[in-house]
Asker: 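Quick one: the structure is below, questions incoming.
Per chain, numbering begins at 1; letters A, B, ... match sequence-line order.
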There are 2 protein chains.
Amino acid sequence: MRSFAICGALDTTELHELAQLTRHVCLESEATVFAQANIATSFFNVHEGTLRQYKLLPDSRRQILGFALPGDFLGLSSVPQHEFSADAIGRVALCQFSKESFATFAENRPRLLCRIIEMAGRELARAQEHMVSLGRRSAEEKVASFLIGWRDRLSGIGRGGEILPLPMRRLDIADHLGLTVETVSRTFSKFERNGVIQIFAGSVVLLDVPRAETLSGIVD
Amino acid sequence: MRSFAICGALDTTELHELAQLTRHVCLESEATVFAQANIATSFFNVHEGTLRQYKLLPDSRRQILGFALPGDFLGLSSVPQHEFSADAIGRVALCQFSKESFATFAENRPRLLCRIIEMAGRELARAQEHMVSLGRRSAEEKVASFLIGWRDRLSGIGRGGEILPLPMRRLDIADHLGLTVETVSRTFSKFERNGVIQIFAGSVVLLDVPRAETLSGIVD
DNA sequence: AGGTGTCGTTGATGTAGATCAATCACCGGA
DNA sequence: TCCGGTGATTGATCTACATCAACGACACCT
């Protein structure tokens with residue numbers, strides 16, 4: 001439970017009470033947590049692993065909205081149906097709450113509600129930053145800022161380190177950045193040729209962070 | 001005050017109390033409400049008019065995140081600085097609250113907090129839908145889905161009607177959709193040629209909504 | 001009325017990234 | 001061991017949209 005990001009807003013008694021409402025779920029790779037347009041009956045909290053959250057167009061084009069990591073909240077929706085789909089990249093452990101019982105629990109706990117607002121704000125900020133990438137950055141800038149952003153998120157949950165794991169496939173990165181696999185692959189190769197990164201199976205090493213930051217268009 | 005979207009969560013006494021914290025502000029066209037990276041000291045609620053919310057890259061590329069309309073909340077941020085800039089498109093009337101005093105007021109009013117969570121969820125959903133446009137839709141689809149979405153938002157606040165006002169300039173639409181002015185203009189012209197819309201200064205009429213919906217890629 | 005600035009539109013041309021296609025590495029199963 | 005499937009990479013070609021350029025319609029000022 002200690003990885004549950006909203007727990008900071010709860011005391012020991014409350015934590016115990018919340019634990020009563022929690023169901024622990026483990027998912028195999030590629031398993032679906034929920035699908036777009038399904039009725040949302042549960043919230044989820046990521047305990048371990050990585051998920052992709054995505055929307056599909058009728059002709060099966062896909063936009064990956066983001067990747068969820070431990071501590072992230074899933075299914076916070078203002079409408080009864082899920083607005084997007086979510087599935088597991090590799091094995092994933094989740095905490096599941098019924099929407100109803102969680103709502104009852106949270107209803108009269110302002111500190112918890114404030115924490116949720118704060119998390120929603122953070123998520124919105126990430127979405128906005130991503131809109132900049134999708135709308136106004138070149139392929140190189142998209143890939144570079146993705147790598148920097150991914151590294152920062154991982155360090156934010158204490159998973160920082162020399163090697164940067166990339167559990168998602170190239171196609172996922174492409175569908176996240178509004179590019180094709182080929183362009184993502186070419187950009188990775190180019191970065192490696194230029195000594196910015198080193199590519200391994202399922203991970204990269206950021207050899208030249210300042211360079212990557214420049215390429216990402218964060219700095220002038 | 002009645003247009004304040006969060007008011008539904010308050011009783012008459014509370015409304016009165018909140019009114020004490022409110023400062024009414026009027027802005028001329030092009031006036032800035034707040035700028036990216038400025039310290040956020042206030043929340044705003046749009047009372048009348050339209051605003052653009054945008055992020056700038058160092059080289060002055062711009063991504064318009066969205067347009068704010070009456071009832072919308074501005075400045076809900078998880079960090080002390082504003083994450084984006086906001087300025088007026090035409091004359092705008094706002095309600096301003098100091099962040100601090102609003103926080104104190106909201107702190108122990110769970111119903112209000114829930115309302116804010118709901119609004120944040122709605123905003124996040126809009127952002128996600130927009131990511132699909134930016135990442136995976138063609139220029140035509142972007143423009144068509146923008147028109148449909150704009151119409152729906154206006155009807156949602158009781159401003160629906162035959163003619164669809166577009167207070168923002170073509171450049172704003174371009175920076176919103178990740179296109180250039182020229183492409184937006186060409187697409188508008190094409191739609192008009194094909195009898196989908198009729199163009200006027202500052203507005204359009206949607207002549208063929210089903211067609212526009214098809215073009216937007218919402219339907220097959 | 002003439003001058004100046006902004007905005008929208010249209011045309012000609014260029015290019016970043018998509019599409020099409022082939023190859024290679026890797027893995028799990030027969 | 002061979003074989004089929006998936007993912008990553010690279011090359012050749014194509015195209016949607018950007019870029020560059022020009023012009024017309026207004027609005028505002030003097």
Asker: Could you state the CD-C1' distance from A/Glu182 to D/dA12, rounded to the nearest angstrom?
Answerer: 12 Å
Asker: Do any N or O atoms from the side chain of B/Glu83 and from the backbone of A/Ala125 form a donor-acceptor pair under 3.5 angstrom?
Answerer: no
Asker: Does A/Gly178 reach a base, just sugar-phosphate, or nothing at all? Heavy atoms under 4.0 Å.
Answerer: sugar-phosphate
Asker: Side chain of A/Arg186 only, please: which of D/dA12, D/dT19, C/dG8 is the nearest?
Answerer: D/dA12
Asker: Give a yes/no answer on whether the side chain of B/Ser189 brings an N or O atom under 4.0 Å of OP1 or OP2 in C/dT10.
Answerer: yes
Asker: What's the CZ-C1' distance between A/Arg170 and D/dT9, to the nearest Å?
Answerer: 9 Å
Asker: Taking CD from A/Glu141 and C1' from C/dG17, how many angstroms apart are they, rounded to a whole number?
Answerer: 14 Å
Asker: Rounded to the Å, how far apart are B/Phe188 CZ and C/dT10 P?
Answerer: 12 Å
Asker: Of the nucleotides C/dG17, D/dC17, C/dT10, which one has an atom closest to the side chain of B/Ser138?
Answerer: D/dC17
Asker: Between C1' on C/dG8 and CZ on B/Phe200, what's the gap in Å once rounded to a whole number?
Answerer: 16 Å
Asker: Does A/Ser185 put a side-chain nitrogen or oxygen below 4.0 Å from OP1 or OP2 of D/dA8?
Answerer: no
Asker: Between B/Ser60 (side chain only) and B/Leu56 (backbone N and O only), is there a donor and an acceptor less than 3.5 Å apart?
Answerer: no
Asker: Nearest-Å distance, CZ (A/Arg61) to P (C/dT19)?
Answerer: 10 Å
Asker: Is it true that a side-chain atom of A/Thr22 and a backbone atom of A/Leu18 form a donor plus acceptor pair closer than 3.5 Å?
Answerer: yes
Asker: Does the side chain of B/Thr41 reach to within under 4.5 Å of the side chain of B/Lys99, using non-hydrogen atoms?
Answerer: no
Asker: Return the 5'-most residue of the pair B/Thr183, B/Arg169 with respect to DNA chain C, ranking by each residue's nearest nucleotide.
Answerer: B/Arg169
Asker: Could you tell me the separation between the CD1 atom of B/Ile173 and the P atom of C/dG8, rounded to a whole number of Å?
Answerer: 8 Å
Asker: Please determine, for the side chain of B/Leu179, which listed nucleotide (C/dG8, D/dC17, D/dT9) has the closest atom?
Answerer: D/dC17
Asker: Any N or O donor-acceptor pair linking the side chain of B/Glu140 to the base of D/dC17 at under 3.5 Å?
Answerer: no
Asker: Between B/Leu171 (CG) and C/dT6 (P), how many Å, whole number?
Answerer: 13 Å
Asker: Find which nucleotide of DNA chain D each of A/Arg193 and A/Arg136 is nearest to by heavy atoms, and output the residue with the more 5' nucleotide.
Answerer: A/Arg193
Asker: Take A/Arg115 and A/Glu118, measure what salt bridge (Lys or Arg N to Asp or Glu O under 4.0 Å) needs, and give me the verdict at the end.
Answerer: CA-CA 5 Å; A/Arg115 190 83 182 86; A/Glu118 198 189 312; 3.6 Å; yes
